[in-house]
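As the structure is a computational prediction, the values presented were derived from the model and not from experiment. These numbers come from the heavy atoms of this one structure, side chains and all, not from hydrogens, waters or symmetry mates. Letters A, B, ... mirror the listed sequences (proteins, then strands); counts begin at 1.
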Amino acid sequence: GAVVSQHPSRVICKSGTSVKIECRSLDFQATTMFWYRQFPKQSLMLMATSNEGSKATYEQGVEKDKFLINHASLTLSTLTVTSAHPEDSSFYICSARDGGRVADTQYFGPGTRLTVL
Amino acid sequence: TQLLEQSPQFLSIQEGENLTVYCNSSSVFSSLQWYRQEPGEGPVLLVTVVTGGEVKKLKRLTFQFGDARKDSSLHITAAQPGDTGLYLCAGSTDSWGKLQFGAGTQVVVTP
């Protein structure tokens, strides 16, 4: 149980295009999902908290107009990187909070490698 | 500033040796998780500890949560090459369950 999927796993795009990444909780309902980015050899950096049916809460320094987050249902959150540039290239990881288990347990997706040319 | 300090940053040992990774903070956490991450993949949850003084065992891995819920340790007995990976501790301080991550400890176990 507690499986989180991400799609796509890898994407290469041209500068200026927008990229959408999906995060799904497959066997539980997630009222809260989180989006992280990770640079090589570094830890995870929280970008935003996504709550079902409400606006996402962004961490300081994260541009909300650039990283659009939609949490349309209890099993799906999407992150759209708008007008992507090479500096947006990174490993993006989502996680989902399973409120049915130990309160603060998060389960992570396998990540999406974004490369902007 | 990292809320959770992990040490050491890097650990290279031979198969069969033991190792301990530490996670320390001046803040109190309602719970603390340990994850292992391999290159190009998402972190995989190993354990969640919630009670001060709690000790949990997962095969050759032993996790301990400090009495004051400010620190934790991960001990691996008789390490194997399959234990190689980035070990991350993460603690929750707010009602949303938002996690604060340590910088990670890269463990390499050579045959």
Going from [atom1] on [X] to [atom2] on [Y], what distance comes out if it is rounded to the nearest 0.5 angstrom?
{"X": "A/F108", "Y": "B/Q33", "atom1": "CZ", "atom2": "CD", "result": "8.5 Å"}
{"X": "A/Q106", "Y": "B/S31", "atom1": "CD", "atom2": "OG", "result": "9.0 Å"}
{"X": "B/F101", "Y": "A/Q42", "atom1": "CZ", "atom2": "CD", "result": "14.0 Å"}

With a 4.5 Å heavy-atom cut-off, do [X] and [Y] have their side chains touching?
{"X": "A/Q38", "Y": "B/Q37", "answer": "yes"}
{"X": "B/L99", "Y": "A/F34", "answer": "no"}
{"X": "B/L88", "Y": "A/L44", "answer": "yes"}

Exercise. Just wondering, are more than 12 heavy atoms of other shown residues or ligands nearer than 6.0 Å to CZ in B/R60?
Worked result: yes
Problem set entry | Atom CD of B/Q9: over 12 foreign heavy atoms under 6.0 Å | no
Seminar exercise, completed: Cut-off 4.5 Å, heavy atoms of chain A, and the answer for B/L32 is neither
Hey, any chance [X] and [Y] share a hydrophobic cluster, counting ILVMFWY side chains that come within less than 4.5 Å of each other, even indirectly?
{"X": "A/L114", "Y": "A/Y36", "value": "no"}
{"X": "B/L4", "Y": "B/V107", "value": "yes"}
{"X": "B/L45", "Y": "A/L46", "value": "yes"}
{"X": "A/M33", "Y": "A/M45", "value": "no"}
{"X": "B/V49", "Y": "B/L58", "value": "yes"}

Exercise. What closest approach, in Å, do A/S43 and B/A103 show between heavy atoms, and which atom pair accounts for it?
Worked result: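 So the two residues come closest at CB-O, 3.7 Å.
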Problem set entry | B/K98 with A/E59: basic N within carboxylate O range, under 4.0 Å |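 Salt bridge: yes.
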